Amino acid sequence: MPLLRKINQVLAVLLVLLVCLLLHSMMLRASTQPRPGNRKSHSGPAQHSHVRRLEDNVIPVIICASEERMGATMAAINSIISNTHTSVFFYIVTLRDAVKLTRKYIEKTKLRDIQYKILEFNPMVLQGKVKPDSSRPDLLHPLNFVRFYLPLLDLKHKRVIYLDDDVIVQGDIKDLFNIQLKAGHAAAFASDCDLPSTHVMVRSIGMQTTYMGFLDYRKQQVKDLGINPRDCSFNPGVFVADVKRWKEQKITKQLEKWMEENFRENIYSSAIAGGVATPPMLIVFHDKYTTLKPQWHVRHLGWSPDASYPDSFLQEAHLLHWNGPFKPWNYPAVHMDLWEKWFIPDPSGKFSLTRPDSDG
């Protein structure tokens with residue numbers, strides 16, 4: 001009997017230990033699952049499966065965040081989430097030295113609850129494709145070329161939205177995302193000839209709206225393209241992309257081909273085109289893109305500190321773009337109030353507004 005009692009005691013202890021182990025395992029598994037309120041995601045392979053599960057439930061937006069313009073990126077993000085009830089997932093692309101600043105700007109502000117992933121862009125992919133240009137060196141920033149390299153971002157989505165950092169979204173981003181792309185088209189852009197209300201402003205500031213303003217038609221390589229110089233151009237600062245078609249059509253390789261051609265022969269430059277990221281897109285997507293509704297890309301707000309749009313027109317715009325040298329976080333610029341209402345102060349103090357009565 002004493003032996004049987006000891007065996008029963010040992011079995012009871014083992015049973016208690018087994019129950020404890022099961023409880024511990026259940027608690028550990030629960031603690032490693034994403035909490036409903038924890039909507040953050042950072043770069044790294046550990047988040048890839050989580051992003052994949054989100055694919056059908058969110059609108060993916062790609063936006064770049066440079067150290068010197070971090071406040072612009074955060075204002076754009078703030079405007080997007082403030083004007084939609086749809087879940088948005090942000091792929092924030094930056095360089096290695098700005099990763100910590102990007103994360104701090106989000107986690108220490110009202111943006112802490114956004115869904116996002118920080119991606120590092122490797123500037124080495126641009127070697128031999130971009131050369132110095134003194135007219136506007138800011139246009140040669142590596143992040144200006146992220147839009148060429150969507151496949152490198154390892155996106156788990158069939159469709160994405162790309163936005164420049166100098167935009168404000170006043171409409172519901174869901175409406176932009178849901179545009180129907182025409183058969184065979186890998187992207188949708190806004191044509192430079194589709195917004196009659198901007199024509200007076202465009203003429204007054206000398207902006208170009210045709211291919212003649214972006215390519216050097218004296219060069220044989222450009223002539224051989226057979227593109228009419230009077231064809232309407234488009235702005236690649238806002239577009240919707242079909243990622244699968246982008247890969248199938250080898251868009252990135254085509255863009256790199258023209259970057260390398262320009263590196264050798266200088267068939268376009270920032271002096272001609274007001275930027276070196278636009279001409280390759282114009283060549284590759286000529287007559288091969290779907291047109292966005294004009295209200296989804298009201299642009300040229302940054303090309304003059306004087307020329308401005310009527311307030312009534314701007315209120316109807318779904319997206320505002322301060323493309324050009326006069327940015328709304330600096331001074332002088334136009335329609336600064338429409339940008340500043342979405343601005344979130346930098347918790348690190350590195351990004352500040354430049355205003356007539358400020359020293360920053």
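None of the values given here were measured: they were computed from a predicted structure. Values reported hereafter were calculated over all heavy atoms of this structure, with side chains retained and with hydrogens, waters and symmetry mates removed. We number each residue from 1, following the sequence as shown.
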Aromatic centroids of Tyr91 and His157 separated by under 6.0 Å: yes
Student check: side-chain heavy atoms of Leu320 and His335 closer than 4.5 Å: no
Side-chain donor/acceptor of Thr84 to backbone N/O of Asp172, under 3.5 Å: no
Short N-O contact, Asp242 and Lys244, less than 4.0 angstrom: no
Asp165 (side chain) donor-acceptor with Ala72 (main chain) under 3.5 angstrom: no
Single-linkage hydrophobic cluster Val61~Met70, side-chain heavy atoms < 4.5 angstrom: yes
Contact summary for Lys223 and Tyr217, nearest pair of heavy atoms: CE-O, 3.1 Å
Nearest-0.5 Å distance, CD of residue Gln315 to OH of residue Tyr309: 15.5 Å
Flag for Asp192-Ser233: side-chain donor and acceptor within less than 3.5 Å: yes
Side-chain (Lys327) to main-chain (Gly324) donor-acceptor, under 3.5 angstrom: yes
Between NE2 on residue His297 and OG1 on residue Thr291, distance to nearest 0.5 Å: 13.5 Å
Heavy-atom side-chain proximity of Trp258 to Leu282 below 4.5 angstrom: no
Any donor-acceptor N/O pair, Gln170 side chain to Leu314 backbone, under 3.5 Å: yes
Closest non-hydrogen atom pair between Arg355 and Asn330, with its separation: NH1-O, 3.2 Å
Residue pair Leu101 / Lys350: nearest heavy atoms and the distance that separates them: CD1-CD, 4.1 Å
Salt bridge Glu261-Lys219, side-chain N to carboxylate O under 4.0 Å: no
Interatomic distance, Ile168 atom CD1 to Ser82 atom OG [nearest 0.5 angstrom]: 9.5 Å
Under 3.5 Å: donor-acceptor pair, side chain of Asn78, backbone of Trp342: yes
ILVMFWY network linking Val243 to Leu119, side-chain heavy atoms under 4.5 angstrom: yes
Verdict with reasoning, Leu353 to Tyr331, per side chain to side chain contact (heavy atoms under 4.5 Å, CB included): CA-CA 9 Å; Leu353 303 183; Tyr331 182 84; over 6 Å; no
Check: Tyr289/Asp287 side-chain N/O donor and acceptor closer than 3.5 Å: no
Within 6.0 Å of CD in Glu316, more than 12 heavy atoms from elsewhere: no
Side-chain heavy atoms of Asp166 within contact of Arg69, under 4.5 Å: yes
Asp164 and Arg147, any side-chain heavy atoms less than 4.5 Å apart: yes
Gln220 atom CD, neighbour heavy-atom count above 12 within 6.0 Å: yes
Interatomic spacing from NZ in Lys131 to CZ in Arg264 - rounded to 0.5 Å: 10.5 Å
pair Ile114-Ile81: side-chain heavy atoms closer than 4.5 Å: yes
Heavy-atom check, side chain of Ile62 versus side chain of Val93, under 4.5 Å: yes
Side-chain donor or acceptor of Tyr105 paired with backbone N/O of Ile344 under 3.5 Å: yes
Test item: Thr252 and Lys247 side chains (from C-beta on) under 4.5 Å apart, heavy atoms: no
Under 3.5 Å donor-acceptor, Arg245 side chain and His185 backbone: yes
Nearest atoms (heavy-atom pairs only) where Arg112 meets Glu107: NE-O, 3.6 Å
Side chain to side chain contact (heavy atoms under 4.5 Å, CB included) evaluation trace for Leu126 with Met259: CA-CA 9 Å; Leu126 301 175; Met259 292 170 73; 3.9 Å; yes
Ile267 side chain near Leu215 side chain, heavy-atom distance below 4.5 Å: no
Plane angle bin for Phe121 and Tyr149 - parallel if under 30°, tilted between 30 and 60°, otherwise perpendicular: tilted
Under 3.5 Å: donor-acceptor pair, side chain of Arg299, backbone of Asn323: no
Hydrophobic cluster identity match, Leu155 and Phe239, side-chain contacts under 4.5 Å: yes
Atom CZ of Arg96 with >12 non-hydrogen neighbours under 6.0 angstrom: no
Under-4.0 Å salt bridge between Asp346 and Lys104: no
Shared hydrophobic cluster for Val238 and Trp296 (ILVMFWY, side-chain gaps under 4.5 Å): yes
Pair Asp175-His318, side chain to side chain donor-acceptor pair (under 3.5 Å): steps then yes or no: CA-CA 10 Å; Asp175 297 335; His318 301 324; over 6 Å; no
Trace of the side chain to side chain contact (heavy atoms under 4.5 Å, CB included) decision for Leu163 with Ile80: CA-CA 11 Å; Leu163 298 177; Ile80 292 169; 3.6 Å; yes
Interatomic spacing from CG in Asn262 to CD in Gln221 - rounded to 0.5 Å: 9.5 Å
Evaluation steps, side chain to side chain contact (heavy atoms under 4.5 Å, CB included), between Ile77 and Ile92: CA-CA 10 Å; Ile77 291 174; Ile92 305 173; 3.8 Å; yes
Donor-acceptor contact present, side-chain Thr94 to main-chain Val99, <3.5 Å: no
Asn83 side chain vs Val169 backbone, donor-acceptor pair below 3.5 Å: yes
Considering all heavy atoms, the nearest Gly71-Trp339 contact: O-CZ2, 4.0 Å
Point-to-point distance, once rounded to the nearest 0.5 Å, from NZ of Lys100 to OG of Ser348: 13.0 Å
Over all atoms of both residues, closest heavy-atom pair of Val334 and Ser304: CG1-O, 3.6 Å
Parallel, tilted or perpendicular: ring planes of Phe189 versus Phe285, cut at 30 and 60 degrees: perpendicular
Single-linkage hydrophobic cluster, 4.5 Å side-chain cutoff, Leu152 and Val130 together: yes
